[in-house]
Amino acid sequence: MQSSDTINLSTPLEINYQHMQAETHSASRLVHLSYDPLKNELDRIRKVTEQTMKYHEDMQLQLKADFEKELAELRRKYDIKFQEIEVEFKQTKMTLDTSLNLVCMNKFLAEAFRFKCSTLKASCTSAMQQDSSFAQQQLLQLSRQESASRPSLVAGSSSSRPSATNLQESLHNG
């Protein structure tokens with residue numbers, strides 16, 4: 001037969017058993033270990049499986065909690081960013097609306113001014129045309145009166161028509 005030291009070092013089952021004894025030595029006080037090494041190994045594997053499952057569930061819960069926490073922080077962060085760009089957009093839109101209203105008002109005023117000026121210009125032009133036709137009529141009458149009051153030296157001569165000097169004098173005097 002082989003010595004127990006040789007068997008413990010040569011097979012993994014024996015190594016695991018030694019490892020299990022070190023891990024469960026404190027648990028062995030609570031749970032009575034049987035002298036059957038296979039039963040002890042099965043108990044140890046069940047216990048490790050339960051611990052592994054509990055650890056796995058705890059890790060999943062922790063990850064879910066961390067995820068929810070980070071998601072809430074991320075949501076808050078982006079809610080703040082959305083609010084910031086909304087405020088910026090509203091300010092820009094208000095500035096643009098104010099500028100648009102100002103330009104529209106100036107356009108309206110410019111059109112009203114142009115219309116007023118064109119109306120005044122038309123009335124001034126028609127008044128000036130009336131004044132000039134009236135002045136022409138007066139000049140014509142004056143020239144006729146002068147020609148009637150002066151005897152003509154030569155019939156059909158140019159002296160029967162008013163001279164340019166006479167026309168200018170009558171314009172200034174009239």
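As a basis for the values below, the full set of heavy atoms in this structure was taken, side chains included, without hydrogen atoms, waters or symmetry mates.
- L96 is listed as a side-chain neighbour of T92, based on a closest heavy-atom distance under 4.5 Å.
- Grouped with I85 in one hydrophobic cluster are L74, Y78, F82, the linkage being side-chain heavy-atom contacts under 4.5 Å among Ile, Leu, Val, Met, Phe, Trp and Tyr residues.
- Atom-to-atom distance recorded for M53:CE and T49:OG1 is 8.5 Å, nearest 0.5 angstrom.
- Distance check: H56 NE2 to Q60 CD gives 3.5 Å after rounding to the nearest 0.5 Å.
- Looking at residues two or more places apart in sequence or on another chain, you find no salt bridge (Lys or Arg N to Asp or Glu O under 4.0 Å) involving R114.
- Atom CD of E68 sits about 10.5 Å away from atom CG of D66, to the nearest 0.5 Å.
- Between E88 and E84, the closest side-chain pair of non-hydrogen atoms is not below 4.5 Å.
- Atom-to-atom distance recorded for N106:CG and N101:CG is 11.0 Å, nearest 0.5 angstrom.
- Donor-acceptor pairing under 3.5 Å is lacking for the side chains of Q62 and D58.
- Atom CG of L38 sits about 9.5 Å away from atom CD1 of I45, to the nearest 0.5 Å.
- Residue D43 forms a side-chain contact (heavy atoms from CB on, under 4.5 Å) with just one option from E41, K39, K47, and that option is K39.
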Assess the residue pair E73 and R76 against the criterion (side chain to side chain contact (heavy atoms under 4.5 Å, CB included)); give the C-alpha distance rounded to whole Å, side-chain angles, the decisive distance to 0.1 Å, and a yes or no. CA-CA 5 Å; E73 289 174 10; R76 276 192 300 273; 3.3 Å; yes
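- Atom NZ of K90 sits about 10.5 Å away from atom NZ of K93, to the nearest 0.5 Å.
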